[in-house]
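Below is one structure, written out as structure tokens; comments come after it.
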Amino acid sequence: MPLDLTQLFPKEEEIPAAYALAEEVHQRLYLSDGKMLPWNGNVHTVLSPICVATPDGLKRKVIGTYPLCEAKEAAAALDAAVAAYDHGRGEWPTMSVAQRIERVEKFTHEIIEKKQEVVKLIMWEIGKTIGDSTKEFDRTIEYIQATIDALKDLDRQSSGFTMEQGIVAQIRRSPLGVVLCMGPFNYPLNETFTTLIPALIMGNTILFKPPKHGTLLFYPLLEAFKNCFPKGVVNTIYGRGNQIIPALMESGKINVLTLIGSSKVANELKKMHPKVNRLRAILGLDAKNAAIITAKADLKLAVQECVLGSLSFNGQRCTALKIIFVHRSLADEFLSQFTAAVNQLKFGMPWEDGVSLTPLPEPHKPAYLQECLADAKAKGATIRNENGGESLESFVYPAVVYPVNAEMKLYTEEQFGPVVPVVPFDDLEETITYLIESTHGQQVSIFSNDDEEIAALIDPLVNQVSRVNINCQCQRGPDVFPFTGRKDSAEGTLSVVDALRSFSIRSLVATKLNENNKHLLNEIIDSNSSNFLSTKYLF
Ligand code: G3H
């Protein structure tokens, strides 16, 4: 049946009141040095991926504007973060862990109050379904709570002394300094906070630049940052990344760069720092996760998981399955079941019940995906599902492309959208070679019911990627699991516990164990005069 996209986008009056934004959000304040500063300069107009049907045709709905600050404001925010850190002597980096936890708990309570506003903005800014936008908010709150619990554990483990070779030491984790934090558009709240919150709670001070798509949703949260943390501890920077970020890096005052985004940008930014050895980078970058469906796979299960893995949130997850290798003997059957399952996916506006395919926020993406499809077709592939690749404005109907080969863009490029390249293979060695040669190394999914075959793949593949999934799609969660990657896919490890380690360094206080030093240590501990050297136990 031909695809009728003419009714896809609503007229203004057809947007259900419960999901409409009460009003456009025109942000004219930003948080820097503990103050909400007014902005009277240029602004960026935020266009939703959701279009509205008007007498003049489809128009992306304007949902608001935000400040386009410049290098001067970014430099002032950097100065504020540097001053708040004060070479590790600031109020925040020297505060006790218990007090920092208290502040983060207060922050959590305040942002929960803003849930409805933030969830709606996620939906309008990036087109994520209302259900997934809500999940993103809830997952973020759970992540913060789990981070607090993990820090309490860590602190309890560090509240004792270690004695070795006549030396006594207390070993704890200390902050690193000023953290420049930039999150991605696809999980603008969650992935930003999975770096920002651990960095913050460990005593660092923060410069935070919201993603280009997914900016306004932070506006309702700025007051909570201002209310809960000492001035200069969290500072926001708005503006064009390429205009404001280079000078920050070149200043040499950034101690940690944390970016969830592209490896190209991360590469360039790191090189701008004048003292590379002083810079720690915690990065979540590109990925091209493969599914490998062997001749011994449960096909029904593989289809279910591959649909979820490749098309949840329109394929815009760093963990999405971005290429599917299927044993040639199963290829026809796989394609028939897979395209039938794709056919069942409901497309529409993100507030509609049961919808899973929605418009895309990146304006250039529909054209880029068409370019990938044209390239694949020119090199011998066809689109196997009916209507695959049809598009209207910001919406692209998923395309299942087969047979994809090494000459095509889709073989190596991270499409980050609703296009599913399928590659036939004869020998499992071909799939291992693909992963060895790939510039990415995040995760892989193996589909097979043969234990020997799976075992033979696990050993080579754990040394190519950082997570091997058996009979299930790739994913980040549960968030307590380590999330990282090899090659151009990541630097450092995130998880509730690992992130606390990533944003801190072990420091210790040590002395020779003699009567005089014992007395000194006891005096310091009894008088509670140090937050570091302390045996206080956090419950
Ligand atoms: O975009 C990358 C996200 O961290 C993926 O998280 O696997 O839970 O969707 P997810």
Side-chain angles (χ1 to χ4, degrees), residues 122-123 125-129 131-144 146-147 181-198 210-214 217 258-263 265-266 282-291 304-323 350 356-358 360-362 365 414-418 420 440-445 465-486 488-499 502:
I122 297 178
M123 182 188 82
E125 281 194 274
I126 61 163
K128 189 172 271 191
T129 64
D132 284 348
S133 300
T134 308
K135 267 193 220 150
E136 176 164 348
F137 189 94
D138 294 341
R139 179 178 176 180
T140 306
I141 298 298
E142 282 162 25
Y143 193 95
I144 301 176
T147 298
C181 173
M182 293 185 280
F185 81 80
N186 62 333
Y187 279 87
L189 179 72
N190 183 261
E191 292 229 296
T192 303
F193 274 25
T194 58
T195 56
L196 189 151
I197 296 294
K212 185 169 171 202
H213 310 292
L217 64 99
T258 183
L259 163 79
I260 313 287
S262 91
S263 58
V265 170
I282 317 293
L283 311 169
L285 305 170
D286 340 311
K288 182 86 178 169
N289 293 344
Q304 262 170 22
E305 290 291 319
C306 287
V307 169
L308 279 177
S310 58
L311 291 172
S312 301
F313 190 35
N314 312 300
Q316 300 168 118
R317 295 158 60 228
C318 58
T319 47
L321 290 172
K322 299 192 178 107
I323 190 158
S356 63
L357 302 166
T358 54
L360 312 176
E362 293 173 289
K365 191 46 72 79
E414 183 188 28
Q415 66 273 33
F416 217 80
V420 189
H440 301 103
Q442 193 196 63
Q443 300 191 17
V444 66
S445 291
V465 297
S466 291
R467 174 163 163 170
V468 173
N469 301 280
I470 298 168
N471 290 329
C472 60
Q473 62 153 323
C474 298
Q475 61 181 27
R476 174 178 179 151
D479 287 333
V480 291
F481 284 5
F483 180 53
T484 182
R486 296 167 181 272
D488 278 339
S489 284
E491 183 170 340
T493 303
L494 293 171
S495 80
V496 168
V497 173
D498 289 300
S502 294

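Both ligands and their constituent atoms are indexed starting at 1 by order of listing.
Counting protein heavy atoms only, atom 10 (P) of ligand 1 is closest to Y187 OH, 3.4 Å. Regarding atom 5 (C) of ligand 1, its nearest protein heavy-atom neighbour is T319 OG1, 3.2 Å. Considering only non-hydrogen protein atoms, atom 6 (O) of ligand 1 sits nearest to R476 CB, 3.4 Å.
Look at D138 and K135 and you find no salt bridge, because none of the NZ, NE, NH1 or NH2 atoms lies under 4.0 Å from a carboxylate O.
Any N or O atom pair closer than 3.5 Å counts here, and Q316 shares no such pair with ligand 1. The distance criterion of under 3.5 Å between nitrogen or oxygen atoms is met by C318 with respect to ligand 1.
Relative to the ring axis of Y187, K128 places its NZ or CZ within 45° and under 6.0 Å from the centre.
Residues F481 and R476 have side chains not in contact (no heavy-atom distance under 4.5 Å, counting atoms from C-beta outward). Within the 4.5 Å cutoff, the side chain of K212 has no heavy atoms near those of the E362 side chain. P418 places a side-chain heavy atom less than 4.5 Å from the side chain of L360.
When the heavy atoms of R139, K135, E191 are ranked by distance to atom 4 (O) of ligand 1, first place goes to E191.
No part of F313 comes within 4.0 Å of ligand 1, judged by heavy-atom distances. By the criterion of a heavy-atom distance under 4.0 Å, the side chain of N186, and not its backbone, is placed next to ligand 1.
Less than 4.0 angstrom separates some heavy atom of R317 from each of these atoms of ligand 1: 1 (O), 7 (O), 9 (O), 10 (P). Taking every heavy atom of Q475 and a limit of under 4.0 angstrom, the matching atoms of ligand 1 come to 7 (O).
When only modelled atom types and interatomic distance are considered, Q442 and N289 share a side-chain donor-acceptor pair under 3.5 Å.
Screening H213, E125, E136 for a side chain to side chain contact (heavy atoms under 4.5 Å, CB included) involving P188 leaves a single residue, E136.
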